[in-house]
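We count ligands from 1, going down the list as the structure has it; atoms in each ligand are counted the same way.
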Amino acid sequence: MRIKEVMSRKKISDEKLYKELVSLLGPRKVSNKLVDLISYSHDYWPISLLWFLKGEIPSLPSIVVFPESLRDVVKVVRYAYDNEIPLYAYGGGTGVLGGAVPEYGGIVIDLKRLRHIKLYEEDLYVDVGAGTNGMILENYLNKKGYTLGHFPQSLYSSTVGGWISTKAIGQFSTKYGGIEDMLLGLEVVVPPGEVIHIKPNPRAAVGPDIKHLFIEAEGMFGIITRAYLKIHPYPEKRVLLSFASKSLADALESVQNILRRGAKPAVVRIYDKVETLKWFHMKKKAKGKIGTIIILEGDNVLVEAERKIVEEEFRNAEPMGEEPVRYWLEKRFDVRELPEYAPLGIVIDTIEVAVPWSRAVDLYNDVINAMRDIEGTLIAYAHASHFYPQGVCFYFIFGGIPPKGISATEYYEKIWEAAMNATLKHEGAISHHHGIGRMRAKWIRKDLGDATMELLRKMKNAIDEKRILNRGNMGV
Ligand SMILES: Cc1cc2nc3c(=O)[nH]c(=O)nc-3n(C[C@H](O)[C@H](O)[C@H](O)COP(=O)(O)OP(=O)(O)OC[C@H]3O[C@@H](n4cnc5c(N)ncnc54)[C@H](O)[C@@H]3O)c2cc1C
């Protein structure tokens with residue numbers, strides 16, 4: 001669809017829909033302005049950026065609403081249900097797989113005005129509105145002497161509801177875990193407009209844990225309006241370490257042993273040889289090696305014990321000091337690549353997957369080779385950035401120029417196909433934290449299997465019988 005067509009279509013916009021929603025919510029909370037419809041027609045999916053550059057818009061909503069309370073959200077869900085209108089939840093729009101794209105038009109519900117923050121210091125949790133921006137929440141907690149410990153690279157522009165809905169994870173995950181480890185309870189509006197409230201208790205064995213239904217559900221089961229998240233006292237001490245190992249296998253083994261011994265570094269990032277050149281550029285001795293950066297933080301006594309364990313397990317690697325870690329801390333939220341390279345015709349993206357330790361090196365080699373084998377690829381490299389006693393997440397990055405006769409979309413799809421197939425060959429998880437959205441829908445059945453996929457479809461139909469919520473997502 002070209003922008004010009006969209007503009008002419010817009011003139012015959014859904015006046016009835018607009019009037020009814022204004023009468024429900026008031027004019028300040030409803031927009032059918034073209035600029036808003038276009039802004040909410042996409043998220044941060046790189047392929048939609050490429051389409052945009054060509055003047056194409058994948059799909060346009062009819063209207064955008066900005067609820068300011070739980071009551072508002074209930075009204076919108078009821079209205080969408082009664083009138084069978086597709087309803088798409090929108091947080092910060094930083095999802096990278098098209099999960100928030102309003103494929104079937106209808107209503108986009110932007111949750112960003114739901115942004116209360118209430119701290120419960122004795123019970124160590126925070127009650128927070130689903131639309132709260134990540135950096136605002138973290139700054140607030142820091143001022144009070146706490147941290148959430150959740151630092152996705154999109155921290156400055158993503159929201160709490162988006163984190164839960166995509167099962168997000170942050171750079172300090174090896175200590176603090178992913179959003180699923182932080183979530184104590186939540187409030188969700190489900191069709192036809194019921195409010196589900198799950199209390200913030202330290203643990204509960206009261207039937208199946210319903211809050212898990214909404215983690216990585218990408219807005220398909222309900223609209224999250226608030227969350228109760230665990231917090232931590234602001235770390236007393238921080239230690240920065242870095243090493244250069246001879247091989248990827250050596251570096252991985254060091255981290256595996258650290259975790260087996262019970263130490264929990266906050267940040268661990270192992271770069272392959274290509275990416276080591278970027279992050280260790282100031283260390284000539286690291287060239288041709290595997291660079292690892294580590295941050296330990298928390299109570300002084302524990303951090304010193306962890307330092308000892310880390311240094312012992314990296315005894316065969318060369319210590320590289322604090323400088324590469326300081327450089328990473330300075331640059332870690334710098335995300336210029338995509339907007340800078342895309343207009344030059346370079347297709348770039350990232351693909352994250354998870355795999356047990358025993359298959360980690362093989363999976364890394366196969367995915368990298370598969371991506372490099374695609375004609376047009378200029379570069380393909382990776383780091384491992386989230387670790388568990390059972391395995392690891394690899395984060396692959398590729399960049400290429402589609403060869404003559406192949407469109408950017410075709411090249412992009414070929415690379416994804418290669419990476420997904422190589423991951424499935426090693427029985428890895430096709431996503432570790434970005435989720436499924438539109439982009440990965442093609443492979444979800446291969447990952448989950450027919451029976452699980454069927455169960456997911458039944459759950460969707462039972463909870464959302466009219467299929468108003470995020471219609472078209474995940475291929476469900
Ligand atoms: C530069 C960059 C860096 C990134 N780094 C990381 C990273 O380090 N770790 C990581 O995990 N991810 C990362 N991401 C991906 C993205 O930021 C996360 O997926 C994030 O959780 C999305 O949050 P959001 O508020 O922007 O959600 P959106 O993109 O608005 O929405 C994501 C999905 O959740 C649904 N949704 C949003 N809010 C709600 C709600 N209240 N109720 C129900 N459904 C809802 C949407 O419909 C959509 O399907 C990165 C993205 C970018 C662009």
Side-chain angles (χ1 to χ4, degrees), residues 39-40 42-46 48-49 61 67 70 73 76-77 86-103 107-115 128-135 137 150-173 177-180 186-190 196 213-227 267 269 332-339 348-350 352 354 383 385-386 393 395 397 431-441 464 469-474 476:
S39 301
Y40 287 92
H42 66 101
D43 55 10
Y44 213 82
W45 185 18
S48 58
L49 179 61
L70 173 63
V73 176
V76 174
V77 173
L87 179 62
Y88 293 88
Y90 203 98
T94 67
V96 284
L97 297 159
V101 169
E103 198 176 332
I107 306 170
V108 166
I109 180 167
D110 180 335
L111 282 312
K112 281 194 283 298
R113 291 190 193 167
L114 299 183
R115 51 177 183 235
V128 63
T132 309
N133 168 281
M135 189 43 112
L137 175 59
H150 187 63
F151 302 91
Q153 200 190 19
S154 55
L155 185 70
Y156 284 82
S157 39
S158 52
T159 64
V160 170
W163 295 343
I164 298 165
S165 304
T166 57
K167 202 173 184 182
I169 200 162
Q171 296 154 342
F172 286 53
S173 67
I179 196 70
E180 71 278 16
L186 81 175
E187 181 184 83
V188 192
V189 181
V190 297
I196 291 183
L213 197 59
F214 301 97
I215 299 174
E216 217 312 84
E218 300 185 12
M220 292 203 316
F221 292 146
I223 308 291
I224 301 168
T225 48
R226 95 195 299 165
V267 176
R269 299 175 76 85
R332 68 192 172 120
F333 293 119
D334 184 342
V335 293
R336 275 175 299 181
E337 280 106 336
L338 180 62
I348 65 168
D349 200 5
T350 60
E352 29 59 63
H383 57 254
S385 46
H386 307 281
C393 157
Y395 190 92
I397 299 151
S431 174
H432 174 264
H433 58 265
H434 286 161
I436 299 297
R438 265 76 192 166
M439 186 61 216
R440 278 193 171 108
D464 178 18
L469 295 173
N470 208 342
R471 189 181 291 170
N473 199 41
M474 281 194 210
V476 178

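- Residue contacts with ligand 1 for His434 involve side-chain atoms from C-beta outward but no N, CA, C or O (heavy atoms, distance under 4.0 Å).
- For the residue pair Arg332 / Gln171, a side-chain donor-acceptor distance below 3.5 Å is found, with atom types taken as modelled.
- Remark: ligand 1 and Val335 share no N or O pair separated by less than 3.5 Å (distance only, no angle test).
- Classified by interplanar angle (parallel below 30°, tilted 30° to 60°, perpendicular above 60°), the ring pair His383/Tyr395 is parallel.
- For the residue pair Tyr156 / Asn133, no side-chain donor-acceptor distance below 3.5 Å is found, with atom types taken as modelled.
- Looking from atom 27 (O) of ligand 1 to the surrounding protein, the closest heavy atom is Gly162 CA, 3.5 Å.
- Under 4.0 Å from ligand 1, the heavy atoms of Leu111 that appear belong solely to its side chain.
- The nearest heavy-atom contact from the protein to atom 53 (C) of ligand 1 is Tyr44 CD2, 3.2 Å.
- Contact analysis leaves Gly170 out of contact with ligand 1, as no non-hydrogen atom separation drops below 4.0 angstrom.
- With values rounded to the nearest 0.5 angstrom, Thr350 atom OG1 is found 8.5 Å from Gln153 atom CD.
- For the pair Phe214/Val190, a side-chain contact is recorded, criterion being any heavy-atom separation below 4.5 Å from C-beta on.
- Taking every heavy atom of Ala168 and a limit of under 4.0 angstrom, the matching atoms of ligand 1 come to 11 (O), 21 (O).
- Residue-ligand proximity, Thr159 to ligand 1, at heavy-atom distances under 4.0 Å covers atoms 24 (P), 25 (O).
- A donor-acceptor pair shorter than 3.5 Å cannot be found between the side chains of Glu352 and His432.
- Of all the heavy atoms of Thr166, the ones lying under 4.0 Å from any atom of ligand 1 belong exclusively to the side chain.
- Here the heavy atom of the protein found nearest to atom 8 (O) of ligand 1 is Gln153 N, 2.8 Å.
- Looking only at atom types and distance, the side chain of Thr225 has a donor-acceptor partner in the side chain of Glu187 under 3.5 Å away.
- Every atom of ligand 1 with a heavy atom of His433 under 4.0 Å away is listed here by number and element: 9 (N), 10 (C), 11 (O), 12 (N).
- In this structure, CD1 on Ile196 lies 7.5 Å from CG on Leu213, to the nearest 0.5 angstrom.
- Of all atoms in ligand 1, listed by their number and element, those nearer than 4.0 Å to a heavy atom of Gly222 are 43 (C).
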Query - Stepwise side-chain contact (heavy atoms from CB on, under 4.5 Å) test for His433 and Trp163 - result: CA-CA 9 Å; His433 58 265; Trp163 295 343; over 6 Å; no
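- Applying the 4.0 Å criterion to heavy atoms of Gly161 picks out, from ligand 1, the atoms 38 (N), 39 (C), 41 (N).
- The closest protein non-hydrogen atom to atom 35 (C) of ligand 1 is Ser165 CB, 3.7 Å.
- Within a 6.0 Å sphere centred on NZ of Lys167, heavy atoms belonging to other residues, nucleotides or ligands number 12 at most.
- In terms of polar-atom proximity, Val96 is not counted as a contact of ligand 1, lacking any N or O under 3.5 Å from an N or O of the ligand.
- Atom 22 (C) of ligand 1 has its closest protein heavy atom at Thr94 OG1, 3.3 Å.
- Using modelled atom types and a 3.5 Å distance limit, the side chains of Ser431 and Arg440 yield a donor-acceptor pair.
- Shortest contact from atom 42 (N) of ligand 1 to any protein heavy atom: Ile224 N, 2.9 Å.
- Remark: ligand 1 atoms within the under-4.0 Å shell around heavy atoms of Gly219 are 43 (C), 44 (N).
- The nearest heavy-atom contact from the protein to atom 29 (O) of ligand 1 is Gly95 N, 2.7 Å.
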Query - side-chain contact (heavy atoms from CB on, under 4.5 Å) assessment of Thr159 paired with Leu111 - result: CA-CA 9 Å; Thr159 64; Leu111 282 312; over 6 Å; no
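- By the criterion of a heavy-atom distance under 4.0 Å, the side chain of Asn470, and not its backbone, is placed next to ligand 1.
- At least one N or O atom of Ile169, backbone or side chain, sits closer than 3.5 Å to an N or O atom of ligand 1.
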Requested in this report: Test side-chain contact (heavy atoms from CB on, under 4.5 Å) on Ile224 and Ser165 and set out the steps.
Outcome: CA-CA 8 Å; Ile224 301 168; Ser165 304; 3.6 Å; yes
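- The shortest separation from a heavy atom of Tyr88 to ligand 1 is not under 4.0 Å, leaving the residue out of contact.
- The shortest contact between atom 46 (C) of ligand 1 and any protein heavy atom is with Ala89 O, 3.2 Å.
- At a threshold of 4.0 Å, the pair Arg471-Glu103 does not count as salt-bridged, since none of the basic side-chain nitrogens sits closer than that to a carboxylate oxygen.
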